[in-house]
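Scroll down for the structure; my scribbles are underneath it.
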Amino acid sequence: MITTPSSTFKDWAEEQLYFLGGIVYLIRDCLREGFHRPFYWGLLADQIYLVGVRSMPLVLITAGSTGMVMALQYGLGLEKFGGKPYVPRLVASTILREMGPVFTSLMLAARVGAGIASEIGSMMVTQQIDAIRALGTSPIKRIVIPRILACLIVLPILAAFANLVGNIGGMLIGAYELNIDFQFYYQRVIETSNIMDYLAGFGKTFFFALFIAVPSCFYGLQVKNGTQEVGIATRKAVVASSLLILVGDFFLSKVFWIIEKWL
Amino acid sequence: MAVIEVRNFKKNFGTKTIHEDVSFYVRKGECLGLVGGSGTGKSVLLRSLIGLEKSDGGSIQINDQEIVGFSEIQWLQIRKKVGYAFQGGALFDSMTVFENLAYPLLEHTELNKQQIKDKITQQLNDFGLNDTESLFPGELSGGMQKRVGLARAMMLEPEIILYDEPTAGLDPYNTKKIQDLILRLKAKGVTSILVTHDMPTAFAVCDKFAFLKDKRIIEQGTLAQLKDSPQSMINQFIEGIII
Ligand SMILES: Nc1ncnc2c1ncn2[C@@H]1O[C@H](COP(=O)(O)OP(=O)(O)OP(=O)(O)O)[C@@H](O)[C@H]1O
Ligand SMILES: [Mg+2]
């Protein structure tokens, strides 16, 4: 087949439509089956542990470094204009609104999203998903729903920890590199940040959780045969989740600003 | 009365037709041997009977209930009554042998821990799998995995069992064990379909045969009926063992 720019675009567009359609069907199946017994609480608990506890070190290191880098850059950049006292406020609101939730989600997309897609993909190849169905049980309930719920529960909590550690990182750099007193830094953060800063970031994490879990489950379930497809599915899952988080973040930020003005 | 009845069944993957017009039936307590070359769609046909593949036309009835067009939730009810022994075992590799066998019991019965344990010990014994309950599938040989898969498919004592090459890759001793097991279940009234290339086993346990070729069933009947068939392929299959 000859690939021309237009045929490549057509393939690309077709694939995106297929993705969107698949996501809609998957969510529909989850809603259809999710409210019927049995509920697999044990499987949900396993996933919360895997997604939450096991990702914690990665998330905290990311958040700490981000907070430190931001404090350093803001501090050095603003020093010339005598803007150092604004560092705590700038670091805090950027972390609460953007960096905390977004970086946590991106790390989870890489770690958890890839894990979900490759695990489900391997289960497809080895017919374990077929076996779940053949034994009169539902892979949507046993595999998909616990993973989506775990991400929805865990991501807001991880982001809250990331917010805290990110600000501590900023404070440390403030104290040791920028000569901003701990007490002063802390006071400024408390005085200048408001609950809306936190809620705007917090609200986004639920969307990001879906952006991670749903495409990863979808691509995992698309695997038909061959381990090669598992690799492809994993890559597609991580790319889709990351792009959805980054592009979605812009629109969600916009929406939250509109809501805030309104309130 | 036919327990499984397939009429004018069609199946394609995209533009590739696998089955054009497949019809057969199996009566209660019978075992049908489904025979055909590799890649003729035997596994696809078995999978369609429990809705793992969507059919593209025709009718499938199980206990006089039409199941083509069932939703996934409706299929769950059928699958509890039909055991499916996968060609490769399809064991859950994150679970031990014990947990694999306990899975259907935990999902569909009210048995307590002790009853489950007893049942599994008995089942492992029947399948020559003693002392494997705490092993993971990765620690078993291919033949053992296959037997665990069979054992799992039979845990709920289903009234219908679909066997996809249950003896392929097994040694003669275990092949004989599986044959005896299928016969024992048959004696209890279990209806089954056996897909196999292992003609001695097929002749030992099947009441009748259906030959799949060129996207349809080209011939079906008892061994006696088929011996007189003019179709050369069938004779080759039969002679493969008789000679
Ligand atoms: N998911 C699928 N998508 C596309 N084609 C498929 C799919 N599953 C099976 N096929 C095709 O259907 C045909 C029949 O496959 P099937 O596995 O049923 O063969 P079989 O008769 O069981 O062979 P064997 O004896 O080797 O197990 C094959 O040509 C295979 O390539
Ligand atoms: Mg096969």
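It should be emphasised that the depicted structure is a prediction, and the values quoted were computed from it without experimental measurement. Lettering of chains follows the sequences in order, A, B, ..., and the numbering in each one begins at 1. Only this structure's heavy atoms are used, side chains among them; waters, hydrogens and symmetry mates stay out.
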So which of T137(A), I140(A), I129(A) has the biggest tally of heavy-atom pairs under 4.5 Å with chain B? T137(A)

Is it true that atom NZ of K10(A) has more than 12 heavy atoms of other residues, nucleotides or ligands lying nearer than 6.0 Å? no

More than 12 heavy atoms of other groups within 6.0 Å of Y49(A) OH: no

Salt-bridged, R32(A) to E72(B), with N to O below 4.0 Å? no

Need one label for I132(A): side chain, backbone, both or neither, based on atoms under 4.5 Å from any heavy atom in chain B. both

Is it true that atom OH of Y25(B) has more than 12 heavy atoms of other residues, nucleotides or ligands lying nearer than 6.0 Å? no

Quick check on Y84(B) against chain A: is it the side chain, the backbone, both or neither that has a heavy atom closer than 4.5 Å? side chain

Using a 6.0 Å cut-off, check whether atom OH of Y25(A) has over 12 heavy atoms from anything other than its own residue. no

Taking atom CG of N125(B) as the centre, does the number of heavy atoms from other residues, nucleotides or ligands within less than 6.0 Å exceed 12? yes

Atom pair CG (L76(B)) and NE2 (H36(A)), whose distance is rounded to the nearest 0.5 Å: 11.0 Å

Between R133(A) and R79(B) the two heavy atoms that sit nearest each other are O-CD, 2.8 Å

Would you please test F92(B) and L135(A) for side-chain contact (heavy atoms from CB on, under 4.5 Å) and show each step? CA-CA 12 Å; F92(B) 301 125; L135(A) 289 164; 4.0 Å; yes

Under 4.5 Å to a heavy atom of chain A? For I50(B) that would be side chain

For the atom pair OG (S43(B)) and CD (Q127(A)), what is the distance rounded to the nearest 0.5 Å? 8.0 Å

Between chain A and each of K80(B), E107(B), M155(B), Q87(B), count heavy-atom pairs under 4.5 Å; write down the option with the most. E107(B)

Relative to chain A, which segment of L91(B) carries a heavy atom at a distance below 4.5 Å: side chain, backbone, both, or neither? backbone

Please check: side-chain N/O of Q128(A) versus main-chain N/O of D93(B), any donor-acceptor pairing under 3.5 Å? yes

Take atom CZ in F207(A); do more than 12 heavy atoms of anything else shown fall under 6.0 Å from it? no

For atom NZ of K54(B), is the number of surrounding heavy atoms from other residues, nucleotides or ligands below 6.0 Å larger than 12? no

How about CZ on F161(A), more than 12 heavy atoms from neighbouring residues, nucleotides or ligands closer than 6.0 Å, or not? no

What are the two closest non-hydrogen atoms of A131(A) and A90(B), and how far apart are they? CB-O, 3.4 Å

